[in-house]
*Asks:* 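Supplied in C-alpha cells, the structure appears directly below.
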Amino acid sequence: MTTVTATNAGGPVAARADEIWKIYGTGEARVTALRGVSAEFGRGRFTAIMGPSGSGKSTLMHCLAGLDTVDKGTAHIGGTEISKLGDKALTRLRRDRIGFIFQQFNLLPTLSAAENIRLPLAIAGRKADPQWWDLVIDTVGLRDRLGHRPSQLSGGQQQRVACARALMGRPDVIFADEPTGNLDSRSGAEVLSFLRASVREHGQTIVMVTHDPVAASYADRVVFLADGSIVDELADPTAETVLDTMKRLDTHTDPVML
Ligand SMILES: Nc1ncnc2c1ncn2[C@@H]1O[C@H](COP(=O)(O)OP(=O)(O)O)[C@@H](O)[C@H]1O
Ligand SMILES: [Mg+2]
C-alpha cells in the first residue's frame with residue numbers, strides 16, 4: 001500500500017508532522033508505532049485521525065502535542081518545532097497553546113465544574129475573558145451546572161466540562177483523543193456538535209482521534225492511519241464515505257479477514 005503525505009492544500013497549518021518515527025521497547029518487545037508519518041492539520045479546521053486499534057493514532061497525537069518524544073522526524077505547533085524544545089518551554093507550550101480532551105474526562109473530583117474549567121488558566125496565571133467565558137458556557141449548555149462536582153454530572157456533562165476547559169484559554173489547537181469513547185450516542189452527538197460549532201463559529205482548531213465513522217463525519221477532513229502509516233485521507237466526510245474507505249483499506253491490509 002502507498003503511504004500518503006496528508007497536506008492541508010496550502011491553507012494555514014496549526015500542527016504538522018514531518019517524517020515522524022516512533023518506536024517503543026527493544027528486542028522482542030519492540031513496536032514501531034509510527035513509520036515516517038507526515039501530515040498537516042489546518043488552522044480553523046476540524047480534522048479527524050481515524051484508524052483501527054493499535055494503528056498509532058494516540059501516539060501521533062501525543063507526538064504532535066508534545067506529550068511524547070519522537071525518535072526521528074519533527075513535530076511543529078504553528079511555527080514552533082516542539083521536538084527541539086526543552087522541558088520548561090514544552091510545558092509552557094502545552095499550557096498556553098494547546099487544549100486537551102481525553103476519553104476519561106480527567107476532571108478533578110474535588111473541584112466544581114466552574115473550577116475545573118478555570119484551572120488551566122489559573123495555573124498559567126491568566127483570567128478567562130468574561131465574554132468568551134459566557135459564550136463557551138452557553139454553547140456547552142452548562143450554565144446551571146457550574147457549581148456541581150464531576151460526580152454530580154452525567155458522563156456527557158462531564159465531557160462538556162472538559163471541552164469548555166480545553167477551549168477557555170483559546171488555544172492554537174485542541175487535541176481530542178476518543179472524546180466520545182465513553183459516552184452513549186446521544187451524549188456523544190452533543191459533544192461532537194459542540195466541537196463542530198467551536199470550529200465553525202469560533203474559528204477553533206481541532207484534531208480528534210477516533211475509530212468511530214460517525215464521530216469522524218463531524219470533521220472537515222479525515223486522515224487514515226494503518227499500522228503506523230497514513231494510508232488515505234478524505235475531505236468533507238460522511239459516516240458512509242468514512243466506512244467505505246475503512247472497508248477498502250481493510251481489504252488491502254488484511255485480506256484474510258474477508
Ligand atoms: N507506551 C507504550 N509502550 C509500548 N508500546 C506502546 C506504547 N504506546 C503505544 N504502544 C504501541 O504502539 C502501537 C500504537 O499504539 P496507539 O498509538 O495507542 O494506537 P491507537 O491509538 O491507534 O489505538 C500499538 O501497537 C501499541 O501497543
Ligand atoms: Mg488510542
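Numbers for residues simply follow the sequence, beginning at 1.
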*Asks:* Holding to ring pair (Phe, Tyr, Trp, His ring centres under 6.0 Å), I want the full list of residues that pass it with W21, two or more places apart in sequence or in another chain.
*Replies:*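 Result, ring pair (Phe, Tyr, Trp, His ring centres under 6.0 Å) vs W21: none returned.
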
*Asks:* Would you mind reporting whether M208 and L192 have side-chain heavy atoms less than 4.5 Å apart?
*Replies:* yes

*Asks:* Apply side chain to side chain contact (heavy atoms under 4.5 Å, CB included) to the pair W133 and L121, showing each step before the final yes or no.
*Replies:* CA-CA 12 Å; W133 173 274; L121 284 172; over 6 Å; no

*Asks:* I'd like to check D18 versus H76 (side-chain heavy atoms, cut-off strictly below 4.5 Å). Are they in contact?
*Replies:*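 Result yes, sub-4.5 Å side-chain heavy-atom pair found.
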
*Asks:* With clusters defined by side-chain heavy atoms of hydrophobic residues (ILVMFWY) lying less than 4.5 Å apart, directly or transitively, does I206 cluster with I77?
*Replies:* no

*Asks:* Minimum heavy-atom separation for G73 to S83, with atom names?
*Replies:* O-OG, 4.3 Å

*Asks:* Give a yes or no on whether the backbone of P179 and the side-chain of Q159 come within a donor-acceptor separation of less than 3.5 Å.
*Replies:* yes

*Asks:* Judged by atom type as modelled, is there a donor-acceptor pair below 3.5 Å linking the side chain of K57 to the main-chain atoms of P52?
*Replies:* yes

*Asks:* Around atom CZ of R30, are there more than 12 heavy atoms of other residues, nucleotides or ligands at under 6.0 Å?
*Replies:* no

*Asks:* Can you give the donor-acceptor pairs under 3.5 Å from side chains of residues 64-72 to other protein atoms, not counting sequence neighbours?
*Replies:*
residue : atom : partner : partner atom : Å
D68     : OD1  : K22     : NZ           : 3.2
D68     : OD2  : Y24     : OH           : 3.0
D71     : OD2  : I23     : N            : 2.6

*Asks:* Find the distance between CD1 (I20) and OG (S38) and round it off to the nearest 0.5 Å.
*Replies:* 8.0 Å

*Asks:* Can you list everything that forms a salt bridge (charged side-chain N to carboxylate O under 4.0 Å, His left out) with R45? Sequence neighbours excluded, please.
*Replies:* none

*Asks:* What pair of heavy atoms forms the shortest contact from R95 to A124, and how long is it?
*Replies:*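 Taking R95 first and A124 second, the nearest heavy atoms are NE-CB, 3.5 Å.
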
*Asks:* Name all residues meeting the salt bridge (charged side-chain N to carboxylate O under 4.0 Å, His left out) criterion together with R186; count only those two or more places apart in sequence or in a different chain, and write none if there are none.
*Replies:*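 In terms of salt bridge (charged side-chain N to carboxylate O under 4.0 Å, His left out), with neighbours along the sequence ignored, R186 is linked to E190.
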
*Asks:* P150 and P109: which non-hydrogen atoms are nearest, and at how many Å?
*Replies:*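 Between these two residues, the closest heavy atoms are CD-O, 3.7 Å.
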
*Asks:* Search all heavy atoms of S112 against all heavy atoms of G147 and return the closest pair with its distance.
*Replies:* CB-O, 3.8 Å

*Asks:* Would you kindly confirm whether I101 and L60 end up in one hydrophobic cluster when ILVMFWY residues are joined by side chain heavy atoms under 4.5 Å apart?
*Replies:* no

*Asks:* Measure from the side-chain N and O atoms of R35 to the backbone N and O of D227, and report whether any donor-acceptor pair falls under 3.5 Å.
*Replies:*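 Yes, the answer is positive, given that a donor and an acceptor are paired below the 3.5 Å cut-off.
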
*Asks:* Which atom names give the shortest non-hydrogen contact between L225 and V37, and what distance separates them?
*Replies:* CD2-CG2, 4.2 Å

*Asks:* Would you give me the side-chain donor-acceptor pairs under 3.5 Å for residues 210-219, sequence neighbours excluded?
*Replies:*
residue : atom : partner : partner atom : Å
T210    : OG1  : D212    : N            : 2.9
H211    : ND1  : E178    : OE1          : 3.2
H211    : ND1  : E178    : OE2          : 3.0
D212    : OD1  : V214    : N            : 2.9
S217    : OG   : V214    : O            : 2.5

*Asks:* To the nearest 0.5 Å, what is the distance between CD (Q158) and CZ (R149)?
*Replies:* 13.0 Å

*Asks:* Could you walk me through whether L90 and R94 pass side chain to side chain contact (heavy atoms under 4.5 Å, CB included), step by step?
*Replies:* CA-CA 6 Å; L90 196 55; R94 279 198 304 258; 3.7 Å; yes

*Asks:* So among L183, N116, L153, V161, which one has a side chain to side chain contact (heavy atoms under 4.5 Å, CB included) with F105?
*Replies:*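 With F105 as partner, L183, N116, L153, V161 yield a single side chain to side chain contact (heavy atoms under 4.5 Å, CB included), made by L183.
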
*Asks:* Among V222, L249, V223, exactly one meets side chain to side chain contact (heavy atoms under 4.5 Å, CB included) together with D232. Which residue is that?
*Replies:* L249

*Asks:* Counting distance only, does the side-chain N/O of R126 pair as donor-acceptor with the main-chain N or O of G169 below 3.5 Å?
*Replies:* yes

*Asks:* Do T139 and H202 have side chains that get closer than 4.5 Å, going by heavy atoms?
*Replies:*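 Yes, at least one pair of side-chain atoms sits under 4.5 Å.
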
*Asks:* Mind checking what makes salt bridge (charged side-chain N to carboxylate O under 4.0 Å, His left out) contact with D144, not counting sequence neighbours?
*Replies:*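 Scan of D144 (salt bridge (charged side-chain N to carboxylate O under 4.0 Å, His left out), adjacent residues dropped) gives none.
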
*Asks:* Should we say atom CD of E240 is surrounded by more than 12 heavy atoms from elsewhere, each under 6.0 Å from it?
*Replies:* no

*Asks:* For residues L111 and V136: do they belong to one hydrophobic cluster (side chain heavy atoms under 4.5 Å, members Ile, Leu, Val, Met, Phe, Trp, Tyr)?
*Replies:*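 Different clusters: L111 never reaches V136 through Ile, Leu, Val, Met, Phe, Trp or Tyr contacts under 4.5 Å.
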
*Asks:* Evaluate the criterion side chain to side chain contact (heavy atoms under 4.5 Å, CB included) for residue pair R170 and W132; output intermediate values, then yes/no.
*Replies:* CA-CA 9 Å; R170 288 181 176 270; W132 182 239; 3.1 Å; yes

*Asks:* Can you tell me how far the CG atom of L107 sits from the CD atom of Q157, to the nearest 0.5 Å?
*Replies:* 11.5 Å

*Asks:* Any side-chain heavy atom of L108 within less than 4.5 Å of one from E115?
*Replies:*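 No, too far: nothing below the 4.5 Å cut-off.
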
*Asks:* Please tell me whether L195 and V209 are part of a single hydrophobic cluster in this structure, the criterion being side-chain heavy atoms less than 4.5 Å apart.
*Replies:*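 No, no single cluster joins them.
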
*Asks:* Any idea which heavy atoms bring V140 and R160 closest together, and the distance?
*Replies:*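 Heavy atoms of V140 and R160 come nearest at O-NH1, 2.6 Å.
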
*Asks:* Do R97 and I82 come within less than 4.5 Å of each other through their side chains, counting heavy atoms only?
*Replies:* no

*Asks:* Measure the shortest side-chain to side-chain distance between I137 and M168 over non-hydrogen atoms and say whether it is less than 4.5 angstrom.
*Replies:* yes

*Asks:* Please determine whether side chain to side chain contact (heavy atoms under 4.5 Å, CB included) holds for the pair T205 and D172, giving the CA-CA distance in whole Å, both sets of side-chain angles, and the decisive distance to 0.1 Å.
*Replies:* CA-CA 7 Å; T205 301; D172 291 354; over 6 Å; no

*Asks:* Enter the distance from D177:CG to F102:CZ here, rounded to the nearest 0.5 Å.
*Replies:* 7.0 Å

*Asks:* Rounded to the nearest 0.5 Å, what separation is found between the CD1 atom of I174 and the CD1 atom of I98?
*Replies:* 11.0 Å

*Asks:* Report the distance from atom CE of M246 to atom CG of L234, rounding to the nearest 0.5 Å.
*Replies:*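 Here the interatomic distance stands at 11.5 Å.
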
*Asks:* When hydrophobic residues are tied together by side-chain contacts of less than 4.5 Å, even through go-betweens, does F46 share a cluster with V173?
*Replies:* no

